[in-house]
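Following: one structure in structure tokens, then a few remarks.
Just so it is clear, the structure is predicted and the values come from calculations on it, not from any experiment. Numbering of residues begins at 1 and proceeds along the displayed sequence.
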Amino acid sequence: MAGYWDGPEGEQCPRRTWLATRVGAAAGLVGAAYRIVLLRPGSALAALQMAASDSVTMATLGAVFGLTTCLSAQVREEPDDPLNYFIGGCATGAVLGARAHSYMTGTTACLGFGVAAALMKIGNKEGWRLAGPPKL
């Protein structure tokens, strides 16, 4: 997400939302490709519908996350608080639950996405790295 972390949180909401939407759409396309290969839809039209549905869903989730996180930082006036990312992740999970027509899916996704997003923010603030050479 090059550019997402540039600048203070709570500013440039349209830009941040657009970046999160692009990442979501890309993840949706990758997921759709795997799904099409594994499930083998009956026709090319069914494969296209599957790809479009998955990509639009993931792009929507990215947009909800980006917008909610940015607006939360503005409203709460605490731009670097990981709670903003938890709120964004929880809103994303709630949208996923609505898409699945399942309260349990929404609740679980809210907690899972919220905690993952808050940990991502904390890790970014503290300089955690998942890969790369060790610090000496």
Side-chain angles (χ1 to χ4, degrees):
M1 290 187 21
Y4 187 83
W5 300 105
D6 298 344
E9 299 283 336
E11 295 180 6
Q12 300 177 347
C13 286
R15 181 176 163 273
R16 289 180 184 271
T17 302
W18 171 244
L19 290 171
T21 303
R22 284 186 358 197
V23 169
L29 281 173
V30 169
Y34 279 107
R35 186 172 171 212
I36 289 168
V37 167
L38 293 174
L39 296 181
R40 304 238 185 234
S43 67
L45 181 60
L48 184 63
Q49 287 174 333
M50 203 181 279
S53 173
D54 291 354
S55 298
V56 168
T57 298
M58 291 298 288
T60 302
L61 295 178
V64 167
F65 176 78
L67 187 63
T68 306
T69 302
C70 195
L71 290 179
S72 174
Q74 284 181 354
V75 169
R76 296 182 62 242
E77 296 179 355
E78 294 185 32
D80 284 330
D81 191 6
L83 183 59
N84 297 328
Y85 278 70
F86 180 84
I87 293 169
C90 190
T92 302
V95 169
L96 186 63
R99 169 80 168 85
H101 303 288
S102 169
Y103 292 114
M104 185 54 95
T105 300
T107 303
T108 305
C110 169
L111 292 174
F113 288 163
V115 168
L119 286 173
M120 181 179 72
K121 176 62 178 174
I122 292 168
N124 189 31
K125 258 173 88 170
E126 294 183 2
W128 298 352
R129 294 179 305 152
L130 295 176
K135 286 185 180 178
L136 299 176

Looking at [X] and [Y], what are the two nearest heavy atoms and their distance?
X      : Y      : answer
Thr69  : Gly88  : OG1-CA, 3.6 Å
Glu11  : Arg16  : O-NE, 3.2 Å
Ala118 : Pro82  : CB-O, 3.8 Å
Asp80  : Lys125 : O-NZ, 3.0 Å
Gly10  : Gln74  : O-NE2, 2.8 Å
Leu96  : Ala109 : CD2-CB, 4.1 Å

Would a 4.5 Å heavy-atom cut-off, applied to side chains only, mark [X] and [Y] as touching?
X      : Y      : value
Trp128 : Ile122 : yes
Asn84  : Pro79  : no
Leu19  : Arg15  : yes
Arg76  : Ile87  : yes

[atom1] of [X] to [atom2] of [Y]: how many Å apart, nearest 0.5 Å?
X      : Y     : atom1 : atom2 : answer
Arg22  : Thr17 : CZ    : OG1   : 12.5 Å
Leu111 : Phe86 : CG    : CZ    : 5.5 Å
Thr68  : Leu71 : OG1   : CG    : 7.0 Å

_Looking at Arg40, I'd like to know if its CZ atom is crowded, meaning that more than 12 non-hydrogen atoms belonging to other residues, nucleotides or ligands lie closer than 6.0 Å._
no
*Are more than 12 heavy atoms from other residues, nucleotides or ligands located less than 6.0 Å from atom CD of Glu126?*
yes
_side-chain contact (heavy atoms from CB on, under 4.5 Å) between Glu78 and Leu83, intermediate numbers included_ = CA-CA 9 Å; Glu78 294 185 32; Leu83 183 59; over 6 Å; no
_Run the ring pair (Phe, Tyr, Trp, His ring centres under 6.0 Å) test against Phe113 and tell me which residues pass, sequence neighbours left out._
none
Going by atom type alone, with no hydrogens or angles, which donor-acceptor pairs under 3.5 Å involve a side-chain atom of residues 51-65 and a protein atom two or more places apart or on another chain?
{"unit_1": "Ser53", "atom_1": "OG", "unit_2": "Arg99", "atom_2": "NH2", "d": "2.8"}
{"unit_1": "Asp54", "atom_1": "OD1", "unit_2": "Arg35", "atom_2": "NH1", "d": "2.7"}
{"unit_1": "Asp54", "atom_1": "OD2", "unit_2": "Arg35", "atom_2": "NH1", "d": "3.0"}
{"unit_1": "Ser55", "atom_1": "OG", "unit_2": "Ala51", "atom_2": "O", "d": "2.8"}
{"unit_1": "Thr57", "atom_1": "OG1", "unit_2": "Ser53", "atom_2": "O", "d": "2.8"}
{"unit_1": "Thr57", "atom_1": "OG1", "unit_2": "Arg99", "atom_2": "NE", "d": "3.1"}
{"unit_1": "Thr60", "atom_1": "OG1", "unit_2": "Val56", "atom_2": "O", "d": "2.8"}

